[in-house]
Amino acid sequence: MPFDPDLLKKREELLAEELELYPYSYDRTHSLLEIRENEEQLMDKDVRVAGRLLAYRGKGKMIFIDLGDLDGRIQVMLRKNEFDEKTWALIRHGLDLGDWLGINGTVFVTRMGELSIHASSLEMLAKTVVRVPIPKSKDDQDWNKLADPETLYRERYLHWTTDPSARQKMVQRAQIISAMRSFLDESGFLEVTTPTIEMNYGGAEARPFETAIHALSDHPAFLRISPELPLKRFIVGGFPKVYTICQNFRNEGIDRSHNPEFTMLEWYEAFTDYNFQMERFEQLVSSVCEKACGSMRVVYGGKEIDFTPPWKRITILDSLKEAGIDAAAMDEDALLAEYKNREIEPPRPFTWGHAVAGLFEALIEHTIEQPTFVCDHPVAISPLTKKKRGDDRLVERFEPIVMGMEIGNAYSELTDPVEQQERFISQKSMGADKDGVENHPMDTDFLKAMGCGMPPTGGVGLGVDRVVMLLTDSHSIREVIAFPLMRTRDAESADEEGEPGEDAGEQPS
RNA sequence: GGGAGCUUAGCUCAGUCGGUAGAGCAACGGCCUUUUAAGCCGUGGGUCGCAGGUUCGAUCCCUGCAGCUCUCACCA
């Protein structure tokens, strides 16, 4: 049972006193921050506030408590001679850290100079029956603050309840997403919705989550790995500027920068290429940063990141050349030798393109800190992209990289339907990857759509969670995803599985 | 999936070179009408992650399992 026996008992006792512990509403006049921000106007005025009980300092016939809400915290003073016996008994014996309280009183400043509310009435808004581990805090210091990362991620409500900065991170995330929307809306984009459940998947190289549709005789279905193909159909259909913000689901590894479910912003803009979109991208991120953080420069892990445009641009081949590998002039055998010399596991399938991409990822990517557009990837790893003007082995593609982390991916989108078909076929002919998974199932309807005529288009994907990480100095994607995927706990799974004989007695007969 | 580490009261952590555990905060009782990590006096609370093994005896040693963290692999 998740409830604390002592608190359950206390709840029963208070209910027996005919106290309302879970009322329907509370008529609040100000948030706690509003009280603090309007101290002078509100001095000696009557206010009604609500908040969670964060501290209790009893001094006999006078008690000080601290109330906290989303972004504020304020002290409340309660005096015995100003309450009836029943309410004072509640105040003395019925309150626990974590309880939600409604306070009516006047604003004043104590002898110690603390802005406070002198309470004339107190109402319970929610009696807690779980021990909420509220830390003690003064200024920026905390004591006994909940620190176990597992609890913080699994029981996020406790994280938010006990740590204002964890709430702030969610607020910032919302501001960042809102700023992204505003930027695109103001640039004339149309926000559209694409399906999460698809009968066919595509638009990225990733393993999908498989499911089945009961209503269609358990026909196999997949969770979206990317909104790319539906968005391109919008372009074909005559919408020149569209975007979506959605969850993508990829059945891959889990680590500091990967959650199986993550938020992606993708936009497609007809009549533009990847050069145009590099500017759009740096404009979007820098303006979002300025809106959400107040500056285009932020500190991440003690280092400053400067998002001010223009960002550095570098091609994959140039970056390898700087590292002493002239990949443009090397064949597959020569590249394989580089892998062996450096004791790097070669990719499979091992083509010139895969080899070049692999060397870049192994040697260069993690060294890039300041915002950089890495451009012109090999054709082999980019089946939906137009070839680079002047070099048939490359495509017009860029990945913005910050602090070693890819925060996006963009193309001059391939628009020749026949070439698109050939790319799909050639990718299939390379066979399964080393996990035995065949990526990119053929989507003939998508080919037909492209066959109906797709104007030149620049397409961009942006990893929302990762941008939020960078802008909030978060070093795990779990810090910026409210409810990250967690493995089932042993005890929980045991409860569900149960021993067949054990709970037989509980079955109604 | 591989490797390393962690898991002791509601919270933060000690500790036992193997003899069934402690502190602070929180809780409970008492005193205190301008305190603020309030203070003072007193009380209760833990099958030391789970399951085995070694041992007269394990929370401490060994093995397995689970979760988490870091790291490598894979990927965005």
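Within every chain, numbering begins at 1; the chains are lettered A, B, ... in the order of the sequence lines, protein sequences first and strands thereafter.
- At the heavy-atom level, A:Lys10 lies under 4.0 Å from the strands shown only through sugar-phosphate atoms.
- Under a 3.5 Å cut-off, the side chain of A:Asn409 and the backbone N or O of A:Val460 do not form any donor-acceptor pair.
- Remark: the backbone N or O of A:Ile305 is not paired with any side-chain donor or acceptor of A:Glu369 at under 3.5 angstrom.
- Residue-level contact check: A:Asp255 touches the bases, meaning some heavy atom is under 4.0 Å from a base atom.
- The separation of B:A58 from B:C25, taken at their C1' atoms, amounts to 30 Å, rounded to a whole angstrom.
- Among the atoms of the strands shown, none is found under 4.0 Å from any heavy atom of A:Asn251.
- Applying the side chain to side chain donor-acceptor pair (under 3.5 Å) rule to A:Thr457 yields no partners; only residues at least two apart in sequence or on another chain are considered.
- Looking at heavy-atom distances under 4.0 Å, A:Asn81 makes contact with a base.
- The NZ atom of A:Lys136 sits 10 Å away from the C1' atom of B:G24 (whole-angstrom rounding).
- One atom, CD of A:Glu150, and another, P of B:C11, lie 12 Å apart when rounded to the nearest Å.
- Going from atom CE of A:Met77 over to atom P of B:U35 covers 11 Å, rounded to whole Å.
- Taking atom P in both B:C17 and B:C61, the straight-line distance is 11 Å, to the nearest Å.
- Nucleotides B:C56 and B:G67, compared at atom C1', are 35 Å apart to the nearest Å.
- Residue-level contact check: A:Arg131 touches the backbone only, with heavy atoms under 4.0 Å from sugar-phosphate atoms and none from bases.
- Taking all atoms of both residues into account, the shortest heavy-atom contact from A:Ile314 to A:Ser319 is CD1-CB, 3.7 Å.
- Taking for each of A:His475 and A:Ile407 the nucleotide of RNA chain B with the nearest heavy atom, the 5'-most of the two is the partner of A:His475.
- Contacts of A:Arg73 with the nucleic acid, taken as non-hydrogen atoms under 4.0 Å apart, are absent.
- A straight line from NE2 of A:His93 to P of B:C31 spans 9 Å, rounded to a whole angstrom.
- For B:A27, the paired nucleotide is B:U43, the pair qualifying as Watson-Crick or G-U wobble because both relevant distances are below 3.5 Å.
- The gap from the P atom of B:A14 to that of B:U33 amounts to 40 Å, rounded to the nearest Å.
- Residue whose closest nucleotide on RNA chain B sits further toward the 5' end, between A:Ser116 and A:Arg92: A:Arg92.
- Using a 4.0 Å heavy-atom cutoff across all strands shown, A:Tyr153 reaches sugar-phosphate atoms only and no base atom.
- Among the protein residues, A:Gly463 comes within range of no part of the nucleic acid, since none of its heavy atoms lies under 4.0 Å from any strand.
- Put simply, CG on A:Leu67 is 14 Å from C1' on B:U36, counting in whole angstrom units.
- For the pair A:Ser226 and A:Gly202, the tightest heavy-atom approach, listed with the atom from each and the gap, is CB-O, 3.6 Å.
- Side chain of A:Asp44 to backbone of A:Phe108: no donor-acceptor contact under 3.5 angstrom is found.
- Nucleotides B:G29 and B:C65 are separated by 44 Å at their C1' atoms, to the nearest Å.
- Side-chain atoms of A:Arg57 come within donor-acceptor range of the base of B:U35, with a qualifying N/O pair under 3.5 Å.
- Side-chain N/O atoms of A:Glu114 and base N/O atoms of B:U35 include no donor-acceptor pair closer than 3.5 Å.
- A:Met405 comes within contact range of no nucleotide atom at all, as no heavy-atom separation falls under 4.0 Å.
- In this structure, A:Arg131 contributes its side chain and A:Asp4 its backbone to no donor-acceptor pair below 3.5 Å.
- Here the separation of B:G22 from B:G45, taken at their P atoms, is 12 Å to the nearest Å.
- We find that CG of A:Leu8 is positioned 17 Å from P of B:A27, with the value rounded to whole Å.
- Across all strands shown, B:U54 has no partner, as no Watson-Crick or G-U wobble contact with both distances under 3.5 Å is found.
- Heavy atoms of A:Gly408 sit nowhere under 4.0 angstrom from any nucleic acid atom.
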Nucleotide N/O of nucleotides 12-15 of chain B paired with protein N/O under 3.5 Å:
{"residue": "B:U12", "atom": "OP1", "partner": "A:Ala147", "partner atom": "N", "Å": "3.0"}
{"residue": "B:U12", "atom": "OP1", "partner": "A:Asp148", "partner atom": "N", "Å": "3.4"}

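- Across every strand in view, B:A66 sits in a pair with B:U7 that passes the Watson-Crick or G-U test at under 3.5 angstrom.
- Here the separation of B:U54 from B:C62, taken at their P atoms, is 16 Å to the nearest Å.
- In this pair, A:Phe249 and A:Phe209 present their aromatic rings perpendicular. The plane angle is above 60°, beyond the 30 to 60° band.
- When rounded to the nearest whole Å, the span between CD of A:Glu361 and P of B:A73 equals 11 Å.
- Comparing the P positions of B:A66 and B:G24 gives a spacing of 38 Å, expressed to the nearest Å.
- Here the C1' atom of nucleotide B:G44 and the NZ atom of A:Lys9 are 12 Å apart, to the nearest Å.
- Residue A:Lys80 is out of contact with every strand shown, counting any heavy-atom pair closer than 4.0 Å.
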